[in-house]
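These notes are about the structure you will find just below.
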Amino acid sequence: MLQLQAIRDSKNNIINALKKRNIDATTIVENVLELDEKRRATQTKLDNTLAESNKLSKEIGMLFKTGKAQEATILKEKTVALKEESKTLTEDLNTAAEELQQLLYQIPNIPHESVPPGSTDEDNEEVFKEGSIPKLNKNALPHWELAKKYDIIDFELGVKITGAGFPIYKGKGARLQRALISYFLDKNTEAGYTEMQVPHLVNEASGFGTGQLPDKEGQMYHIGADNLYLIPTAEVPVTNLFRNEIIKESDFPICYTAYTPCFRREAGSYGAHVRGLNRLHQFDKVEIVRVEHPSKSFDALDSMVEHVKNILRELKLPYRILRLCGGDLGFTAALTFDFEVFSTAQDRWLEISSVSNFETYQANRLKLRYKDENGKNQLAHTLNGSALALPRVLAGILENYQTEDGIEIPEVLVPYCGFSKID
RNA sequence: GGAGAAAUGGCAGAGUGGUCGAAUGCGGCAGUCUUGAAAACUGUUGAGGGUCACACCUCCGGGGGUUCGAAUCCCUCUUUCUCCGCCA
């Protein structure tokens, strides 16, 4: 959520910046400012009414105390009108505040100045590329075929138990999953991230805190009986740890990592690109989350990008980094770098990580603040990234490491797996 | 799931209708003393709205009500604790 003060101060800059998202925000911003005026005017009126009423109440109290009950009764009558008035004003105020809030929820974050223009993923800017693409033999298979051939993932069995998009990992497949999780967590911990275990269900307030609600309502699994949501990413519970917190400046930087399963309804995605592990309703991910001082958040973003690079280097997977264009940028992000691994067998890039700076957008909703050197409360910056999402890393490994007689395990994972080949 | 008790500032904890945004202690911050630190002493120390700045308004778990006036009374929800039951 954008800060009202920022909209008041630099309305035109905001409207201009949002054009990068291919949005004309003129009307909504003007409506916001109008409602804000109205809200403040109503607030002032209400405050004055209440002030008068408080004053009278005090006088009545004094009169009763000094035994002047009759005079008190006269004053009491005067308060009746004030009460009526304040009731109406309170209702007006609540309506205006609620409408204002609804409008603010609809405005996405301001893209960072480095965000390139564009409307689709075609327009994302490749900023880095590394690793060699292996030469596979003619019989190279996509991962869903490999999974079947070596009996390590059973998609049909998952359909029986739950439905499409809920695979069953078996034997060495399951072990490889566990190895990846441990390996990622270890790498993140080494880099200074504190490991956390968090709930996989969150309440409504948490959904609003990080911006999944109301924007992506339909993408989360919702448990009606308890009004809870299955998390689409660990970002939600981990970032919400700081909801309504005022932290000390000396607490920066805050670096957390967490492994969780992620649940996404993925309503409306079908077709060839969702085969196998490419798009699932439940998948595993190790996430990194940071809370930073505003002056340090872009350095932090860079260091997160470097960190993910290092992991991919160690796994020896060919990858590239994209700076997302305005049209592809998530609703709440100011700047996002996507990592994609090249899948030789599918001959396409697979997104495996997304690292973003949200600046104050989430912090404003979360009321996540820190005390600056003058003792004033300021909004912090939040960031997060995947380090990493499992299924497509797994797909990348299976497809890029396949040989005639089995799938090699990347060297760094062998100690975690306890085997060096799937055959 | 059943019965009872409770929820107040960073923490602990007073406050049962007006003088309460709220005693006191601890913690935090600033200062005095000290070569420095500790101790001691002095001052200061919640959040939001509003204002150029004040004034002023709101907030004592959430929501609603009674009253001229609510931290204090009533209703309701949530959470926590104790006991019982069940159980990984």
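Within every chain, numbering begins at 1; the chains are lettered A, B, ... in the order of the sequence lines, protein sequences first and strands thereafter.
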Please determine, for the side chain of [X], which listed nucleotide ([options]) has the closest atom?
X      : options                : answer
A:I246 : B:rG18, B:rG49, B:rA47 : B:rA47
A:R369 : B:rA47, B:rG50, B:rC57 : B:rA47
A:N54  : B:rC57, B:rU67, B:rG49 : B:rC57
A:K371 : B:rG46, B:rU58, B:rC68 : B:rG46

Need the pair for B:rA40. Rule: Watson-Crick or G-U wobble, both distances under 3.5 Å, any strand; none if unpaired.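 Pair assignment: B:rA40 / B:rU32.
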I want to confirm an ordering. Mapping A:T79 and A:A51 to their closest nucleotides on RNA chain B, which one lands closer to the 5' end?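 Final value for this comparison: A:A51.
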Residue mapping more 5' on RNA chain B - nearest nucleotide basis, A:R40 or A:N48: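 The residue mapped nearer the 5' terminus is A:R40.
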Would you measure the distance from the P atom in B:rU19 across to the matching atom in B:rC75 and give it in whole Å?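 Pairwise P distance, B:rU19 against B:rC75, rounds to 25 Å.
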B:rG10 and B:rC83: how far apart are their C1' atoms, nearest whole angstrom?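 Nearest-Å result for B:rG10 against B:rC83 at atom C1': 33 Å.
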Is the ring pair A:H293/A:F252 parallel, tilted or perpendicular, if the boundaries are 30 and 60 degrees? perpendicular
Please work out if [X] contacts a base, only the sugar-phosphate, or nothing of the nucleic acid, heavy-atom cut-off 4.0 Å.
X      : answer
A:K45  : nothing
A:S57  : base
A:I60  : base
A:N377 : sugar-phosphate

Take the protein atom NZ of A:K87 and the nucleotide atom C1' of B:rC68, then report the distance between them rounded to whole Å.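 It works out to 16 Å between those atoms.
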Nearest-Å distance, CG (A:D372) to P (B:rA47)?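 In whole Å, B:rA47 P lies 12 Å from A:D372 CG.
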Kindly indicate, with the supporting measurements, whether the criterion side chain to side chain donor-acceptor pair (under 3.5 Å) is fulfilled by A:D284 and A:Y259. CA-CA 7 Å; A:D284 292 304; A:Y259 152 71; 2.6 Å; yes
Derivation and outcome, ring-ring contact (aromatic ring centres under 6.0 Å, His included), residues A:F263 and A:H200: CA-CA 9 Å; A:F263 303 90; A:H200 302 163; 7.1 Å; no
Against the six-membered ring of A:F419, is A:K172 placed for a cation-pi contact (under 6.0 Å from the centre, within 45° of the normal)?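 Checked: cation-pi criterion met.
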